[in-house]
Amino acid sequence: MSQCRHCSTGEDHSHDSELGVEYSLYTKIDTYNVQCLNEAEDGSGKSVFKPWEERLNFEKCVISDVDEELLFNIPFTGNVKLKGIIIIGGENGSHPSSQSLSIFELTPFRYKNRPRMTFDETSAIPDQQFELTHDTQGINEYPIKAVKFSSVNHLSIYFPANFGDESTKIYYIGLKGEFTPAQRDALLIANYELAPNPADHKTKNIDSVTHQIH
């Protein structure tokens with residue numbers, strides 16, 4: 001299991017400002033298409049991806065519904081080299097106690113034909129796992145294995161358990177890393193190859209009719 005490192009915040013304002021710059025990948029998330037499974041309130045999972053300066057704003061959070069599990073499916077607007085993650089959870093036993101990270105790469109898919117992970121698929125071996133410590137201030141940073149997360153288009157984060165409550169509560173998920181815009185031409189080519197070509201079908205129909213006439 002991966003270990004976290006302690007971050008100083010608040011007292012060292014320059015360091016805090018640097019972390020604000022580092023933890024800015026929330027701006028590169030395709031927020032509209034973020035999916036959080038087992039959230040008690042629809043759309044609340046999206047609220048945990050926010051600026052570093054707002055990490056201690058506890059007005060909005062995501063709370064799990066029928067049990068303590070939460071599963072986030074996070075699409076990015078380009079390619080991400082993920083380097084770190086910070087989790088601010090709820091007080092007492094509602095804070096998540098562990099998490100698993102799995103990635104989906106555009107080409108090829110790490111999990112073929114599974115653009116959005118479901119709870120049924122969480123038994124698959126994750127790319128990285130963490131044992132979490134109770135953190136309500138955002139002072140524990142969990143380092144990411146750069147080799148495995150060097151080119152990420154979709155990230156799934158699974159929280160299977162907490163510290164004892166019936167529901168899990170998360171206020172903030174911070175992601176640190178490097179961002180590269182998606183290559184538009186490559187995406188267009190991929191979409192073109194997947195889409196049927198009407199011209200091809202039209203030609204085949206004409207040939208078929210001509211053959212019947214003769």
Side-chain angles (χ1 to χ4, degrees), residues 4 9 19-20 23-78 80 82 84-104 111 114-124 126-142 144 152-177 179:
C4 67
T9 59
L19 283 174
Y23 277 87
S24 60
L25 277 183
Y26 73 95
T27 62
K28 309 304 181 184
I29 293 174
D30 181 5
T31 307
Y32 181 81
N33 289 307
V34 168
Q35 182 185 48
C36 182
L37 303 185
N38 195 38
E39 57 184 3
E41 180 182 348
D42 289 344
S44 59
K46 299 178 181 181
S47 68
V48 304
F49 302 100
K50 53 190 176 182
W52 173 257
E53 295 77 14
E54 298 179 15
R55 69 192 183 284
L56 300 182
N57 183 343
F58 299 142
E59 293 182 1
K60 294 183 178 181
C61 68
V62 59
I63 302 174
S64 64
D65 191 10
V66 298
D67 57 24
E68 71 275 18
E69 292 181 277
L70 283 171
L71 175 59
F72 289 85
N73 288 309
I74 309 160
F76 293 99
T77 58
V80 169
L82 201 59
I85 184 170
I86 289 177
I87 308 293
I88 296 180
E91 58 285 337
N92 303 321
S94 65
H95 192 292
S97 59
S98 62
Q99 68 173 342
S100 298
L101 303 180
S102 298
I103 61 174
F104 295 94
Y111 297 103
R114 282 194 278 172
R116 290 194 172 188
M117 182 174 279
T118 66
F119 285 116
D120 290 337
E121 296 168 306
T122 56
S123 59
D127 293 278
Q128 192 168 359
Q129 289 180 297
F130 300 92
E131 291 295 332
L132 302 182
T133 58
H134 197 273
D135 185 3
T136 58
Q137 299 297 311
I139 60 176
N140 295 318
E141 180 182 35
Y142 301 89
I144 303 298
V152 182
N153 299 106
H154 294 77
L155 176 69
S156 290
I157 306 178
Y158 173 50
F159 298 95
N162 57 31
F163 286 98
D165 278 8
E166 294 182 358
S167 298
T168 296
K169 183 184 294 184
I170 296 176
Y171 290 102
Y172 174 79
I173 296 179
L175 300 173
K176 180 177 75 172
F179 176 79

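Quick caveat: nothing in here was measured; it's all calculated off a predicted structure. Residue numbers run from 1 in the order of the sequence given.
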* **Mutual orientation of the aromatic rings belonging to His95 and His134 [parallel < 30°, tilted 30-60°, perpendicular > 60°]** => tilted
* Asked: Does any non-hydrogen side-chain atom of Pro160 lie less than 4.5 Å from one of Ser98?
  -> yes
* Asked: So, do Thr27 and Phe179 sit near enough that their side-chain heavy atoms are less than 4.5 Å apart?
  -> no
* **Stepwise side-chain contact (heavy atoms from CB on, under 4.5 Å) check, Asp127 with Ser102** => CA-CA 5 Å; Asp127 293 278; Ser102 298; 3.9 Å; yes
* **Donor-acceptor contact below 3.5 Å, side chain Asn73 vs main chain Met117** => yes
* Asked: Among Asn33, Thr31, Asn153, which one satisfies side chain to side chain contact (heavy atoms under 4.5 Å, CB included) with Pro75?
  -> Asn33
* Does a side-chain heavy-atom distance below 4.5 Å link Val80 with Leu175? -> no
* Pair Ile86-Arg55, side-chain contact (heavy atoms from CB on, under 4.5 Å): steps then yes or no -> CA-CA 10 Å; Ile86 289 177; Arg55 69 192 183 284; over 6 Å; no
* Can you tell me if Lys60 uses its side chain to pair, donor with acceptor, with the backbone of Lys46 under 3.5 Å? -> no
* Asked: How many angstroms lie between CG in Asp65 and CD in Glu39, if you round to the nearest 0.5 Å?
  -> 9.0 Å
* Asked: Taking Ser44 for the side chain and Val62 for the main chain, is one N or O donor matched with an acceptor at less than 3.5 Å?
  -> no
* For residues Gly89 and Pro96, report the shortest heavy-atom separation together with the two atoms involved. => CA-CD, 4.1 Å
* **Beyond-backbone contact of Tyr23 with Glu141, side-chain heavy atoms, under 4.5 angstrom** => yes
* **Close side-chain approach of Gln137 and Leu56, heavy atoms under 4.5 Å** => yes
* Would you check if the side chain of Asn38 reaches a backbone N or O of Glu69 as a donor-acceptor pair within less than 3.5 Å? => yes
* To do: Decide yes or no for Ile144 and Phe130: does some side-chain heavy atom of the first lie under 4.5 Å from some side-chain heavy atom of the second?
  => yes
* Asked: Is the backbone N or O of Asp135 less than 3.5 Å from a side-chain atom of Asn140, with the two atoms forming a donor-acceptor pair by type?
  -> no
* Asked: In terms of side-chain heavy atoms, does Asp165 have a donor or acceptor partner in Asn92 at a distance below 3.5 Å?
  -> no
* When rounded to the nearest 0.5 angstrom, what is the spacing between SG in Cys36 and CD1 in Ile157? -> 10.0 Å
* Is it possible for you to check whether Lys176 lies under 6.0 Å from the centre of the six-membered ring of Tyr142, through NZ or CZ, and within 45° of that ring's axis? => no
* Heavy-atom distance under 4.5 Å between the side chains of Ser24 and Trp52, does that happen here? -> no
* Asked: Which is it for Phe119 and Asp67 under the side-chain contact (heavy atoms from CB on, under 4.5 Å) test, yes or no, and what are the steps along the way?
  -> CA-CA 12 Å; Phe119 285 116; Asp67 57 24; 5.9 Å; no
* Asked: Roughly how far, to the nearest 0.5 Å, is CG of Asn162 from OG1 of Thr168?
  -> 3.5 Å
* **Validation row: Leu25, Leu82 side chains within 4.5 angstrom (heavy atoms)** => yes
* Asked: When rounded to the nearest 0.5 angstrom, what distance separates CD in Glu91 from OH in Tyr171?
  -> 4.5 Å
* To do: Would you give the length of the straight line joining atom CG of Leu71 to atom CG of Leu37, rounded to the nearest 0.5 angstrom?
  => 4.5 Å
* To do: Classify the side-chain pair Tyr172/Glu54 by whether it contains a donor and acceptor separated by less than 3.5 Å.
  => no
* To do: Starting at OH of Tyr158, measure out to CG of Leu70 and round the result to the nearest 0.5 Å.
  => 9.5 Å
* Asked: Will you find, in the side chains of Asp30 and Thr77, an N or O donor that is under 3.5 Å from an N or O acceptor?
  -> no
